[in-house]
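Below you'll find the structure, written out as structure tokens, and then a few comments.
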Amino acid sequence: MTLEVTLYTRKNCKLCDQAEADLHALQKDIPHHLIKVDIDTDPDLVALYGHKVPVVAAGPFTLGMPFDKRKLRMTLGAAKDSREQWLEDDEATYTKKEERRKMMTTGDRVSHFIAGHYLTVLNLILAIYVGLPFLAPVLMKIGLPGAAQPIYSVYKVACHELAFRSWFLFGEQAMYPREAAGLDDIISYGEATGYNEEDLITARNFQGNEQMGYKVALCERDVAIYGAMLLFGLLFGLTGRKLKSLPLLVWLIVGIVPIGLDGVSQLLSQLNLSGIIQMFDKVGMVGVGRFLSVVPYRESTPLLRTITGALFGFTTGWFGFPVFEETMGDTRRYLAAKRARITSQESAEPR
């Protein structure tokens with residue numbers, strides 16, 4: 001079984017021609033089967049080796065410029081020794097691995113599809129996740145509540161669906177916040193429904209009516225989070241997935257801090273309503289109870305929830321999508337190199 005050596009090259013490259021000549025000269029001392037791959041046949045190979053050709057791959061070793069005949073000899077010698085040692089230790093495993101290197105397996109094809117289309121899949125999932133909650137009020141409006149109920153039920157698992165923190169369609173207003181939000185020009189949830197604004201269970205189950213319109217099955221903040229994440233995903237695709245990942249500190253300051261301040265301050269200020277402070281007092285944590293008792297009551301507004309949610313969603317996408325692209329890009333380039341090597345080898349074999 002001859003040592004296999006791959007030379008990644010491109011046309012009109014004098015260094016590539018020299019590397020090929022050196023490899024031919026080393027055939028006598030270190031017999032090997034040379035496979036030439038033109039990187040310009042695949043954009044992923046250009047991205048991987050564009051400014052590095054010629055590149056020589058032999059066994060577990062990859063040699064990029066600059067190198068000379070002496071370095072080539074050392075690399076091929078090391079690859080030969082590694083191959084012989086592996087054959088001596090476990091010939092069956094080595095043979096099986098070599099066979100896999102010479103063919104695109106089902107796993108390779110699946111991995112290549114995922115690595116090449118992951119962004120489309122993620123954007124589609126986000127679009128469905130954000131879009132379905134808007135379908136629920138549409139179904140309610142056209143008289144199909146039975147079709148809308150599964151959507152409301154499924155989204156309750158991931159979202160509180162409180163009516164005073166959700167958007168409404170087909171009604172007098174797009175939102176019905178609590179009176180505590182301080183929006184004087186807007187009819188509050190309590191005024192519109194007559195319900196106690198502190199009754200969270202009723203607010204969670206209330207889906208709307210003909211006059212108020214019908215509730216979107218995802219709260220205002222979540223709509224902003226996933227909508228902004230989808231927006232970044234689309235922009236990331238339009239820019240060729242070339243945007244760099246947002247620095248961690250920027251993500252924390254711009255994405256995490258605003259939503260944390262808005263959400264946590266609202267939560268802490270309202271804990272007294274559910275008897276949490278009394279619970280802390282009973283278990284001896286009086287200091288915690290006193291702290292919560294002096295936190296001023298506040299209810300965030302739809303605008304604040306939307307802004308903080310959008311900042312979090314967009315920056316999270318900006319932080320995460322490019323990181324994911326690096327991993328997927330490595331997979332694409334590895335499989336592109338493998339496919340090109342197999343194609344070059346097959347074309348070089350006598351018919």
Side-chain angles (χ1 to χ4, degrees), residues 39 41-50 100 103-139 147-148 150-159 161 167 216-248 250-252 254-256 259 306 308-343:
I39 66 168
T41 60
D42 192 304
D44 285 321
L45 289 180
V46 174
L48 182 61
Y49 295 128
R100 286 177 60 86
M103 60 184 294
M104 293 295 289
T105 65
T106 300
D108 289 335
R109 288 188 285 271
V110 171
S111 296
H112 188 266
F113 177 83
I114 294 174
H117 299 85
Y118 79 93
L119 186 59
T120 300
V121 173
L122 288 179
N123 283 339
L124 182 60
I125 290 173
L126 285 170
I128 293 173
Y129 189 77
V130 175
L132 272 180
F134 286 86
L135 177 60
V138 173
L139 293 172
I151 299 177
Y152 285 117
S153 298
V154 168
Y155 278 85
K156 274 185 179 179
V157 176
C159 178
E161 286 190 20
W167 298 112
V216 173
L218 199 61
C219 72
E220 296 156 347
R221 201 189 305 271
D222 281 358
V223 167
I225 289 173
Y226 296 107
M229 198 176 294
L230 172 61
L231 174 62
F232 179 82
L234 296 173
L235 291 174
F236 190 54
L238 290 174
T239 56
R241 298 179 290 195
K242 297 184 184 301
L243 292 175
K244 300 296 183 181
S245 181
L246 195 68
L248 177 61
V250 176
W251 177 49
L252 291 174
V254 179
I256 304 296
I259 197 172
T306 298
T308 57
L311 285 174
F312 175 72
F314 196 84
T315 56
T316 298
W318 198 341
F319 176 77
F321 276 55
V323 172
F324 204 58
E325 167 62 18
E326 289 184 17
T327 301
M328 294 294 101
D330 289 341
T331 300
R332 289 196 306 271
R333 289 186 284 272
Y334 164 76
L335 292 173
K338 180 177 181 179
R339 184 177 59 248
R341 185 180 67 247
I342 293 171
T343 301

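Values below: every heavy atom of this structure, side chains too, minus hydrogens, waters and symmetry copies. Not measured: the values here are computed from a predicted model.
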CH2 of Trp251 to CD1 of Ile256, rounded to nearest 0.5 Å, is 4.5 Å

Do Asp108 and Ser111 have side-chain atoms, one donor and one acceptor, less than 3.5 Å apart?
-> no

Using the six-membered ring wherever Trp is involved, compare the ring planes of Tyr129 and Tyr226 and label them parallel, tilted or perpendicular (cut-offs 30° and 60°).
-> perpendicular

Can you tell me how far the CZ atom of Phe236 sits from the CG atom of Leu238, to the nearest 0.5 Å?
-> 11.5 Å

Here the pair of heavy atoms bringing Ile151 nearest to Pro133 is CG2-CA, 4.3 Å

Gap between atom CG of Asp330 and atom CG of Leu335 - 0.5 Å precision | 11.0 Å

From His112 NE2 over to Thr331 OG1, what is the distance, rounded to the nearest 0.5 angstrom?
-> 10.0 Å

Only one of Phe232, Trp318, Phe314 passes side-chain contact (heavy atoms from CB on, under 4.5 Å) with Leu246, and that residue is Trp318

Could you give the distance from CG (Leu122) to NE2 (His117), rounded to the nearest 0.5 Å?
-> 13.0 Å

Note: Val130 and Phe134 closest approach over all heavy atoms is O-CD1, 3.2 Å

Set of salt bridge (Lys or Arg N to Asp or Glu O under 4.0 Å) partners for Arg221, sequence neighbours left out | Asp262

Apply side chain to side chain contact (heavy atoms under 4.5 Å, CB included) to the pair Met229 and Phe321, showing each step before the final yes or no.
-> CA-CA 10 Å; Met229 198 176 294; Phe321 276 55; 4.2 Å; yes

Applying side chain to side chain contact (heavy atoms under 4.5 Å, CB included), run through Leu311 and Ile259 and close with a yes or a no.
-> CA-CA 8 Å; Leu311 285 174; Ile259 197 172; over 6 Å; no

Run the numbers on Leu132 and Val154 for side chain to side chain contact (heavy atoms under 4.5 Å, CB included), then give the verdict.
-> CA-CA 10 Å; Leu132 272 180; Val154 168; over 6 Å; no

Of all the heavy-atom pairs spanning Pro322 and Gly317, show the shortest one and how long it is.
-> CD-O, 3.6 Å

Could you go through the side chain to side chain contact (heavy atoms under 4.5 Å, CB included) check for Tyr155 and Val216 one step at a time?
-> CA-CA 10 Å; Tyr155 278 85; Val216 173; over 6 Å; no

For the atom pair CG (Asn123) and CD1 (Ile128), what is the distance rounded to the nearest 0.5 Å?
-> 11.0 Å

Nearest heavy-atom contact between Leu218 and Cys159 is CD1-CB, 3.9 Å

Close side-chain approach of Tyr152 and Pro137, heavy atoms under 4.5 Å = yes

Closest heavy-atom contact between Ala224 and Thr306?
-> CB-O, 3.3 Å

Closest contact, heavy atoms only, Gly255 versus Thr315 | CA-OG1, 3.2 Å

